[in-house]
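Source: prediction; values computed, not measured.
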Number of protein chains: 2
Amino acid sequence: MIDTVTDELRTDILSGRFEPGDRLLELPLAEHYACGRAAVRSAIVALATEGLVEREANRGASVRRISVAEAIQITQARSVLEGLIAAQAARHSTPSDHEELRSIITEMEESVADDTGRVYSNLNGRLHRRLQDMSGHEIAAQLVSNLRDRAAHHQYRLSVMPGRSRESLQQHAAIVDAIIAGDEFAAASAMHDHLQSVIDVLSQWQDAGGRHP
Amino acid sequence: MIDTVTDELRTDILSGRFEPGDRLLELPLAEHYACGRAAVRSAIVALATEGLVEREANRGASVRRISVAEAIQITQARSVLEGLIAAQAARHSTPSDHEELRSIITEMEESVADDTGRVYSNLNGRLHRRLQDMSGHEIAAQLVSNLRDRAAHHQYRLSVMPGRSRESLQQHAAIVDAIIAGDEFAAASAMHDHLQSVIDVLSQWQDAGGRHP
DNA sequence: GTTAACAGGATCGTTGACAATCGCAGACTA
DNA sequence: TAGTCTGCGATTGTCAACGATCCTGTTAAC
């Protein structure tokens with residue numbers, strides 16, 4: 001039960017059902033998830049150590065607010081870890097993996113042509129998740145998943161930027177090419193370039209004072 | 001209270017008071033830490049999401065057993081993250097920071113000369129922790145701390161290897177030199193070399209079938 | 001009008017008891 | 001003897017109630 005509630009609450013936070021700063025009252029949540037306060041408390045403790053929620057002694061929990069500065073650090077950490085993942089994927093992926101990666105890129109190209117940002121964002125998530133699996137690197141995969149969750153809000157803002165997916169597509173294609181070629185160094189390097197471009201956008205937002213563009 | 005118990009339990013696990021595989025019964029722990037079962041439960045949930053303990057439904061918790069293969073992955077992840085930290089430290093550290101790093105290296109040299117492995121191990125921890133602080137990269141620092149905790153058992157085995165500290169010292173000195181020179185790339189590279197040598201030792205253990213050498 | 005003390009409400013934190021579950025030992029059967 | 005079933009002890013999971021703490025709005029004094 002407690003793991004169920006943890007997953008549900010995490011999902012609801014990531015989906016925007018609860019926004020940054022929202023208080024997470026135990027009693028209403030217990031009612032919402034049809035469980036006792038104990039399960040909610042455990043879920044909050046777990047999500048707090050995951051960095052998704054903030055707990056203040058005797059004050060309760062709230063959805064953690066991630067500053068742009070922190071999002072940049074998160075993306076930097078992601079950059080090196082996903083670089084590792086890309087390198088390992090280049091080393092361990094099979095021909096059928098390559099086929100799947102190519103097909104994702106193809107779908108991405110169609111999505112960019114149709115200008116369906118929502119679809120592209122899903123494909124983006126799918127690509128990164130598949131790379132995590134192919135790498136066989138469970139530790140890095142777990143850390144990256146957590147980091148992605150933490151910065152999900154900013155990632156969303158990024159995904160709805162006009163023209164963003166076109167730029168992103170080229171980078172993704174470069175990553176996939178390097179992996180198919182089995183070039184570990186190039187794969188890591190392409191991944192770094194990709195996430196550096198994310199960092200560049202975040203830095204612009206930061207310089208703009210964190211206001212929504 | 002619950003944060004206190006979490007810290008105490010974590011410390012006891014890292015210190016070896018509880019060994020990998022040991023069951024963590026709630027009632028005895030509650031007595032040991034002079035608290036209620038609820039606090040122990042919360043601590044266990046927190047440490048489970050940190051990856052230090054393992055929870056089975058209706059079966060209770062136990063100290064997580066980390067295989068050599070997993071320790072290698074942990075060290076690989078540490079390698080890229082500490083590379084990032086070293087680079088940031090090279091960028092942000094002050095002259096007084098440099099003085100402190102130099103003094104740690106000096107103490108390390110004395111420790112190696114005296115062959116006091118225990119002291120060297122402490123200095124090793126201090127150096128890495130200071131680099132985390134100097135980098136100003138809280139995200140990477142937090143992740144690395146967690147990874148170090150997870151592999152603590154193997155790290156201990158490593159630290160008591162004869163001749164290990166002498167080799168390690170040169171690598172640490174190279175890292176510090178690069179940071180003082182303000183060379184981000186060299187700092188990251190030296191850190192990678194350092195942790196690669198740890199991975200090499202772990203790989204030897206793995207090939208030896210995980211038996212203690 | 002501003003500040004300080006106070007009371008009330010809301011919420012977390014803790015405790016103790018009870019229900020649910022699991023593993024194991026011992027009995028029973030083929 | 002081997003296999004299966006059942007009851008028991010140990011431990012976790014859940015719940016409700018109580019106590020502690022903090023915030024807020026009100027009142028009174030200066």
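Note that NE2 of His154(A) and OG of Ser67(A) are 6.5 Å apart. Values are rounded to the nearest 0.5 Å.
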Heavy atoms under 4.0 Å is the rule here; annotate nucleotides 5-21 of chain C 5' to 3' with B where the base is hit, S where only the sugar-phosphate is, and - elsewhere. ------SBBBB-----S
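Sorted by first and then second residue, the pairs that involve residues 128-139 of chain B and meet side chain to side chain donor-acceptor pair (under 3.5 Å), not counting sequence neighbours, are Gln76(A)-His137(B), Glu82(B)-His128(B), Glu100(B)-Arg130(B), Asn124(B)-His128(B), His128(B)-His172(B), Arg130(B)-Asp133(B), Gln132(B)-Ser145(B). Within the structure, the salt bridge (charged side-chain N to carboxylate O under 4.0 Å, His left out) test picks out no pair touching residues 140-156 of chain A (sequence neighbours left out).
Between the CD atom of Glu31(A) and the C1' atom of dC15(D) there is a distance of 15 Å, given to the nearest Å.
Considering all non-hydrogen atoms of both residues, Val112(B) and Ser165(B) come closest at CG2-O, 4.0 Å.
The backbone N or O of His194(A) lies less than 3.5 Å from a partner atom in the side chain of Ser197(A), making a donor-acceptor pair.
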